[in-house]
Amino acid sequence: MSGDNSTFEWSELDRRAVDTVRALAMDAVEEAGSGHPGTAMSLAPAAYLLFQRFLQHDPTDPEWAGRDRFVLSCGHSSLTLYIQLYLSGYPLTLDDLKRLRKWGSLTPGHPEHGHTAGVETTTGPLGQGIGNAVGMAMAARRERGLFDPETAAGQSPFDHRVWVIASDGDIEEGISHEASAIAGHQRLGNLVMIYDDNHISIEDDTQIAKSEDVKARYAAYGWDVQTVDWTVDGEYEENVGRLAEALAAAERESARPSLISLRTIIGWPAPNKKNTGKIHGSALGADEVAATKKIMGMDPDRTFDVNAEVLDHARGVVERGRAAHAEWDERYQAWRKANPDKAALYDRISRRELPEGWKKAVPSFAAGKDLATRAASGQVLNALAPVLPELWGGSADLAESNNTTMKGEPSFIPEEFQTKEFPGGPYGRTLHFGIREHGMGSILNGIALHGGTRPYGGTFLVFSDYMRPAVRLAALMKLPVTYVWTHDSIGLGEDGPTHQPVEHLWALRAIPGLDVVRPADANETAVAWATILEHTDRPAGLILSRQKLPTFDRSGELASADGVARGGYVLAEAEGGRPEVILIATGSEVQLAVDARETLQAEGIPTRVVSMPSVEWFEEQDDSYKQEVLPPGVTARVAIEAGIGLGWRYYVGDAGQVVSLEHFGASADHKTLFEQFGFTAERVAAAARASRIKAAAPGAGRGSTTGN
């Protein structure tokens, strides 16, 4: 929508519109009693310019597939976005601005994806938006490669840009380093970031904590870097024309991502609070608001005052957006006509639908061969690759360990950076995040938010801690991102306690909306993958073993792995009638439960084994099913998991026992560790006997409980 900027004009109505933005930002925060007015005030010219002249968008169709994406990484300055949405004609009203940060409003404290039309991602945790934008830019390139790789640059309906506004806080967060380095390495010429270099954070002057040369840093990443300094002559001049030139130059730059360092004064033109930490995150106060409005030539006694002529002028972007949309639609329809098969694929993927008969590709594994679940996962991915072209991903430099590389698939990488081990090109399928779990998490979210593909990313389970803020946001936004977290317990062995996850399973289960899935063998892994892919409204963590596990023979008394889809299922039924004890286990510990059952059955104790790969999926089942699997009348129970036992008490009850690990691991082979820390069938059987005693089971006798 930028067109030719050689005759750029900034009218009096544009200037008044910008001042209206500032006044609305002040009024909204005053009304709310809290908020962040300063950045919204000083960024008013930049945000207005972007939405009016550069951003390709149609306010009457916020989900238009051909739109540019806009990410406000500094989500605390939500008014920077909300006010532009209102002025541009999105379904956001003046009353919505009046209800900033209030219950049930469309203007929450930080922008929330799926809640407010025009909000592309949930931002607030600083730096995450930068990573999301990088992911969106990568997804746009992958999508073009899937559907329209041959069309000249700029001519495809799949060509669009990702625009970001970021603050000092975003730039300081470590995640921005990781994501920005990946963006530079990937040569993402469709990514443009405006860095609001205002030198102020909550603790006032950023000099107290930051002294690096941000522009040099981004140049070193491989970004094209421009500077627009509105303080350059010692006087503050909002040279919007100069910013427009920089944005136009960024549009022309197709080989590198672009950074525009914009030097502003936060809170401009508030006479007493501009350029202070106070205006960053609190209301100005009535006197300062009045004084600022007087400077801008506005009536200090009027609040939420929007001149009709100014609003009509700003709403002119609606017609420009519709025109751009119509022009795009011509190209899109021509593409569909010329590529009916690809158009059908695009439609399916856009609806997040899986192809008919896709499950036939999911492999099954013969019993009798020990196989690590990470290796089984790799085989599942290889089998799905031909039937699910939307599925793509990689790992944080752990492809060989995570088994996340689909065989024969090219890497997603500029051709000059392909290697002998990983050949590829800009439209490839295998992602390489480097040792950057923070960045990987936020980039995966951006890929999912963009739409058109389905991402996964892998690392060791212990390093899910590095990803946690992004994982939490994926759950909050209900994004179908799959995390392949391997080396799932002390079973990883010799790397020792630094790499052995102990608390991670229950810490991840504590995130609402995240499915945590820890399969017990290769066939459970296959069903887990299939079930995860069927869920398009949530993220999932697939928790996989380093060590080989037996592939259960399910042709006899052991149940089909299809029960995985229900989260928990009866793997082995008690012999001799109603179970007297239930053993509940996940992952590698299911084998211990199966072995302990044999011992207990030989003692005449009818024992049921329940495999519980996903607590979340199990809790989704109706009460009748849950009671069928875990009958309330059977109170002698044991839960077995090689991690802390935090949540298992809920399932075993007062009479139950938990075989867990309430301390860190050690460096040794996995067999030694399991024996030394009491993860043996013998201990599980002992715990079952103790639980029967506590449950006062007939014939259980008396004794003491086991300890850890």
Side-chain angles (χ1 to χ4, degrees), residues 35-36 38-43 46-47 50 69-81 109-113 119-137 162-184 188 191-221 223 225-228 250 257-264 266 277 280-281 436 438-446 449 466-470 472-473 477:
H36 299 77
T39 300
M41 293 169 67
S42 51
L43 277 180
L50 186 58
R69 271 57 165 183
F70 171 74
V71 175
L72 181 71
S73 192
C74 44
H76 59 273
S77 184
S78 57
L79 286 164
T80 296
L81 176 54
H110 294 85
E112 297 179 18
H113 173 68
V119 174
E120 299 282 3
T121 179
T122 297
T123 53
L126 290 169
Q128 289 286 335
I130 293 177
N132 293 168
V134 173
M136 291 175 184
V162 181
W163 304 86
V164 194
I165 289 180
S167 64
D168 279 308
D170 294 289
I171 295 297
E172 289 176 22
E173 286 285 2
I175 192 171
S176 76
H177 296 251
E178 296 186 10
S180 298
I182 291 173
L188 297 177
L191 176 62
V192 182
M193 183 160 69
I194 300 173
Y195 160 44
D196 180 27
D197 182 19
N198 65 34
H199 296 198
I200 294 292
S201 63
I202 290 177
E203 294 185 1
D204 206 71
D205 194 325
T206 55
Q207 181 175 301
I208 198 67
K210 179 173 80 70
S211 57
E212 78 265 23
D213 187 334
V214 173
K215 290 177 287 186
R217 179 182 132 200
Y218 272 80
Y221 291 149
W223 289 54
V225 177
Q226 300 179 73
T227 300
V228 178
S258 294
L259 177 80
I260 299 170
S261 178
L262 176 64
R263 177 68 170 101
T264 65
I266 193 171
H280 171 89
R436 302 184 182 101
H438 296 275
M440 177 174 71
S442 62
I443 287 170
L444 291 172
N445 287 352
L449 284 162
Y466 287 162
M467 303 173 66
R468 191 177 182 88
R472 183 177 185 273
L473 285 169
M477 291 187 276

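Any value given below was found using the heavy atoms of this structure, including those in side chains, with hydrogens, waters and symmetry copies removed.
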Is there a donor-acceptor pair closer than 3.5 Å between any side-chain N or O of [X] and the backbone N or O of [Y]?
{"X": "N445", "Y": "N132", "result": "no"}
{"X": "T264", "Y": "D196", "result": "no"}
{"X": "S261", "Y": "T227", "result": "no"}
{"X": "S77", "Y": "C74", "result": "no"}

**Request:** Could you walk me through whether F70 and I165 pass side chain to side chain contact (heavy atoms under 4.5 Å, CB included), step by step?
**Result:** CA-CA 8 Å; F70 171 74; I165 289 180; 3.8 Å; yes
**Item:** Step-by-step side chain to side chain contact (heavy atoms under 4.5 Å, CB included) determination, H438 to E173
**Value:** CA-CA 10 Å; H438 296 275; E173 286 285 2; over 6 Å; no
Under the side chain to side chain contact (heavy atoms under 4.5 Å, CB included) test, residues paired with [X] that sit two or more places apart:
{"X": "R436", "answer": "E178, A181, I182"}
{"X": "T122", "answer": "E112, H113, L473, L476, M477"}
{"X": "A250", "answer": "V192, Q226, S258, I260"}

**Item:** Atom CD of Q207: over 12 foreign heavy atoms under 6.0 Å
**Value:**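 Result for CD/Q207: open.
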Which atom of [X] lies closest to which atom of [Y], heavy atoms considered:
{"X": "S180", "Y": "W223", "value": "O-NE1, 2.9 Å"}
{"X": "G129", "Y": "V71", "value": "O-CG1, 3.4 Å"}
{"X": "G441", "Y": "M467", "value": "CA-CE, 4.0 Å"}
{"X": "G131", "Y": "S442", "value": "CA-OG, 3.2 Å"}
{"X": "V164", "Y": "A133", "value": "CG2-CB, 3.3 Å"}
{"X": "S73", "Y": "L126", "value": "O-CD2, 4.2 Å"}

I'd like to check the side-chain hydrogen bond (donor to acceptor under 3.5 Å, both in side chains) partners of [X]; sequence neighbours left out, ordered by chain and number.
{"X": "T39", "result": "none"}
{"X": "Y221", "result": "H177, R217"}
{"X": "S167", "result": "D170"}

**Prompt:** Can you tell me if D168 and S201 form a side-chain donor-acceptor pair at under 3.5 Å?
**Reply:** no
Residue pair [X] / [Y], side-chain heavy-atom distance below 4.5 Å:
{"X": "I171", "Y": "Y218", "result": "yes"}
{"X": "H199", "Y": "K210", "result": "no"}
{"X": "L449", "Y": "E120", "result": "no"}
{"X": "Q128", "Y": "I175", "result": "yes"}

**Request:** Classify the angle between the aromatic ring planes of H110 and H36 as parallel (below 30°), tilted (30 to 60°) or perpendicular (above 60°).
**Result:** tilted
**Asked** So T206 and E172, side chain to side chain contact (heavy atoms under 4.5 Å, CB included) or not? Walk me through it.
**Response** CA-CA 10 Å; T206 55; E172 289 176 22; 4.1 Å; yes
**Among L262, I266, L79, the one residue meeting side chain to side chain contact (heavy atoms under 4.5 Å, CB included) with L43** = L262
